[in-house]
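Structure, as structure tokens:
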Amino acid sequence: MNSDNNSPIDSNDSGNKPKWLTRKEYTDPAEKKRDFWIGVAIFFVLNIVLTLCQWGLGAGFYAASPSIVDSNFPSSPLFSILSWVLLLMPWVINIALVVYFALTRSQIALGMVAGFGIALAIVICLGVLFTVWCFATLSAGSY
């Protein structure tokens, strides 16, 4: 234990960490702000790319087997497993990146979490607009 600051890790022990796991020390606020916006951009670009890959691979899997709804099809469990992998892949990649960046570049991780919050706020606003539109359309058609 380090007697200077009562931390269990010695401050001179940073040489034993791998280079890819060392924590970045921010020197000025502009650097923090830049990393934050990089995190927001990473979140949106990554999730758009993952969504396009999901749609493309999913369409390819289902086009490969026209009888996928047939339970007697021999590869039916394989397609079921692959569809679950496609569904869970974005969650695993996003969580892994947030954890990695939280350990190495905290502002990028914070930007990715903020990107999720921005996306959630956009979806909630669009849901409210859609609900209002549905009620307006239904009430206009009832006369």
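All values reported here derive from a predicted model rather than from experimental measurement.
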Task: A109 to V98 - nearest heavy-atom pair and separation - done: CB-O, 3.7 Å
TODO: Apply side-chain contact (heavy atoms from CB on, under 4.5 Å) to A119 and list each qualifying residue two or more places apart in sequence or on a separate chain.
DONE: F43, F44
- [ ] With sequence neighbours excluded, give me every salt bridge (Lys or Arg N to Asp or Glu O under 4.0 Å) pair touching residues 112-124.
- [x] none
Task: Exam field: side chain R23 to backbone A102, donor-acceptor pair closer than 3.5 Å - done: yes
TODO: Following the transitive rule for hydrophobic clusters with a side-chain heavy-atom cut-off under 4.5 Å over Ile, Leu, Val, Met, Phe, Trp and Tyr, establish whether M112 and I93 coincide in one cluster.
DONE: yes
Task: Distance, nearest 0.5 Å, that separates OH of Y26 from NZ of K33 - done: 14.0 Å
TODO: Starting at CG of L120, measure out to SG of C125 and round the result to the nearest 0.5 Å.
DONE: 9.5 Å
- [ ] Write out all pairs satisfying salt bridge (Lys or Arg N to Asp or Glu O under 4.0 Å) with one or both partners inside residues 43-57, taking only residues at least two apart or from two chains.
- [x] none
- [ ] Sorted by first residue and then second, give each ring pair (Phe, Tyr, Trp, His ring centres under 6.0 Å) pair with at least one member in residues 92-125; sequence neighbours left out.
- [x] none
Task: Set of ring pair (Phe, Tyr, Trp, His ring centres under 6.0 Å) partners for F130, sequence neighbours left out - done: W133
Open item on the list: If the condition is salt bridge (Lys or Arg N to Asp or Glu O under 4.0 Å), which residues does K24 pass it with, not counting sequence neighbours?
Closed with: E31
TODO: Check which hydrophobic residues are tied to F135 through side-chain heavy-atom contacts below 4.5 Å, counting indirect links as well, and list them.
DONE: none
For residues 49-59, tabulate all N or O donor-acceptor pairs below 3.5 Å that involve a side-chain atom, not counting sequence neighbours.
from : atom 1 : to  : atom 2 : distance (Å)
T51  : OG1    : N47 : O      : 2.7
Q54  : NE2    : L86 : O      : 2.4

Task: salt bridge (Lys or Arg N to Asp or Glu O under 4.0 Å) partners of residues 93-114, not counting sequence neighbours, each pair once - done: D35-R105
TODO: Output the distance between atom CH2 (W84) and atom CD1 (I81), rounded to the nearest 0.5 Å.
DONE: 12.0 Å
Task: Contact list for residues 113-135, test salt bridge (Lys or Arg N to Asp or Glu O under 4.0 Å), sequence neighbours left out - done: none
Task: By side-chain contact (heavy atoms from CB on, under 4.5 Å) - contacts of I122 (at least two apart) - done: I118, L126
Task: Hphob cluster co-occupancy, L97 + L103, side-chain heavy atoms under 4.5 angstrom - done: yes
Open item on the list: Rounded to the nearest 0.5 Å, what separates atom CD1 in I108 from atom CD1 in I42?
Closed with: 5.0 Å
